[in-house]
Amino acid sequence: MNLLNIFEQIEKADPEFNERINPRRAAIKNMAGFGTKVAMSALPLALGSLFQKAYGQTQPTDVNAILNFALTLEYLEAEFYTMGVATPGLIPAGTPDVAALTQIRDDENHHVAFLKSVLGTIAVAKPTFDFTAKGSFNPFSNYDVFLALAQAFEDTGVRAYKGQAPNLVGNKTVLGAALNIHSVEARHASHLRQMRRARGANQKPWITGKDPGGLPAAAQPIYNGEELDTQATVKITGIVANGVTISQSAATEAFDEPLAYGDVLTIAKLFITG
Amino acid sequence: MTKNAASTENKILVEQEKGVLSLSRRKFLNYATAASGIVLVAAGCKKDDNSILSEGVDLGSGDVGILNYAYALEQLEAAFYIQVIATPYANITADEKALLTDIRDHEIAHREFFKAALSSSAITSLEVDFSSIDFTKRESVLGTAKAFEDLGVSAYNGAGPLITSKDYLTLAGKIVSVEARHAAFIRDLINPGSFVGSDVIDMNGMEISKSPSMVLSVAGKYIKTKINASNLPS
């Protein structure tokens with residue numbers, strides 16, 4: 001009997017055990033992989049030639065640089081919500097919006113704290129943000145603008161983490177952590193899109209084509225590329241099954257697309273002054 | 001892996017440990033039971049604790065195994081939403097029906113994508129068992145939808161780090177965030193504002209992953225076909 005069998009046994013008695021112990025367990029299993037880069041095995045499927053696109057011009061390859069990139073985005077989100085929640089009269093009092101935005105604020109601050117702790121002394125300092133983007137927006141005096149920027153940040157965050165995930169292949173712990181933040185950003189995005197929908201924005205919790213959902217034209221780069229409807233050479237639009245024909249809208253909604261490092265930075269830099 | 005990366009990894013482990021809750025007393029008692037079980041197994045020294053998972057349809061190994069695992073879950077979700085839309089629950093609103101139809105189509109798209117991509121490596125069509133679901137009742141349907149969506153997100157997150165191909169990982173990433181959008185939407189339908197909750201995220205604000213064995217033990221209730229996940233990477 002080896003150590004992993006013991007984990008299996010405990011898991012049976014305590015289904016949540018794995019959730020708590022998984023980091024260490026992963027570390028134990030990863031030990032053998034330390035110092036080696038996981039080899040790309042010959043692809044068993046005829047999908048090898050996919051994703052010829054190079055996601056990123058100056059893409060960092062160092063894990064810590066990727067985490068600092070993530071930290072920069074989390075700083076931006078955390079400060080944005082912290083300021084928004086603290087601005088008197090911005091969020092309609094007595095509505096569920098207060099709790100929702102407070103929850104998101106807390107999640108983003110937790111992400112910042114997590115990444116800062118992980119990076120320690122090599123963590124980048126928090127930039128100085130200008131959420132008006134040099135006077136283009138007034139998020140802290142106009143609630144709809146605030147929600148629009150929030151959605152923009154969340155949808156960008158989802159694409160940014162997705163874009164970096166492949167660069168973490170073989171590093172189970174870091175990749176696992178990145179994925180666990182990625183899906184939370186997607187939950188936030190879904191809720192913010194619903195909040196804006198309830199206020200009249202013609203959009204859904206998922207992204208249809210490259211539709212910016214009523215966001216200003218400056219936000220279009222956040223959605224460009226989301227209109228892809230062929231995945232790994234499989235054309236999704238027009239698939240017929242169970243009496244359903246998959247529409248182009250559904251085909252694009254069903255898959256979120258990654259965004260390159262450089263493209264994410266271009267968007268983020270609109271709000272960074274130093 | 002560089003020395004830097006290894007040190008980063010260790011710090012992530014430490015921070016994640018801080019983010020988890022301490023054991024409750026009930027859990028401790030369960031541990032005691034598990035511990036005695038371990039002694040017995042050790043004494044018998046027979047490694048058959050995966051028996052539940054080692055018979056039935058074989059998902060396969062490596063990246064193909066992970067893709068078949070995802071394909072199995074998408075089959076389950078697609079079959080569920082097809083039924084939801086075929087027999088809508090009482091007093092469903094037009095808006096709910098429209099968005100649940102969207103989700104049905106997304107899940108069919110995911111399922112058919114995996115089927116096509118896996119080609120001859122794809123597992124067979126699974127037989128589902130929805131006898132525990134009352135499709136006429138909103139509460140039953142949405143409660144099941146929530147369970148499936150949250151499970152799907154935790155499953156993709158748990159399986160992602162096991163994938164060795166960047167292309168496959170990207171594909172899984174493209175799907176998991178859509179499942180998370182579904183999950184948040186369904187949760188908000190049940191209880192507005194519950195798009196994230198302490199049942200799905202830890203104290204670091206990070207989603208809680210689930211291993212294939214944990215996921216299949218939950219999903220198994222709804223799948224008649226036996227699934228063999230014993231060859232999946234871990």
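We name chains A, B, ... by the order of the sequence lines, and we start the count at 1 in each one.
Of the two parts of A165(A), the backbone and the side chain both hold a non-hydrogen atom closer than 4.5 Å to a non-hydrogen atom of chain B. With a 4.5 Å cut-off on non-hydrogen atoms, V184(A) touches chain B through its backbone and its side chain both. No part of I85(B) comes within reach of chain A, as not one of its non-hydrogen atoms sits under 4.5 angstrom from that chain. Interface remark: D150(B) contributes backbone and side-chain atoms alike to the contact with chain A (heavy atom separation under 4.5 Å). For V218(B), no part sits under 4.5 Å from any heavy atom of chain A, backbone or side chain. With a threshold of 4.5 angstrom between heavy atoms, L67(A) approaches chain B through side-chain atoms but not through N, CA, C or O. For P96(A), no part lies near chain B; criterion is any non-hydrogen pair under 4.5 Å. Using a 4.5 Å cut-off between heavy atoms, I82(B) contacts chain A through its side chain alone, with no backbone atom that close. For R159(A), no part lies under 4.5 angstrom from a heavy atom of chain B. Contact of A251(A) with chain B is not made at all, since no heavy-atom distance falls under 4.5 Å.
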Quiz prompt | Trace of the side chain to side chain donor-acceptor pair (under 3.5 Å) decision for N68(B) with S121(B) | solution = CA-CA 8 Å; N68(B) 263 323; S121(B) 301; over 6 Å; no
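With hydrogens and angles left out, the side-chain atoms of Q248(A) and E227(A) include no donor and acceptor closer than 3.5 Å.
In this structure, Y161(A) has its ring center no closer than 6.0 Å to that of H182(A). Taking the six-membered ring where the residue is Trp, the centroids of F255(A) and H110(B) are separated by under 6.0 Å.
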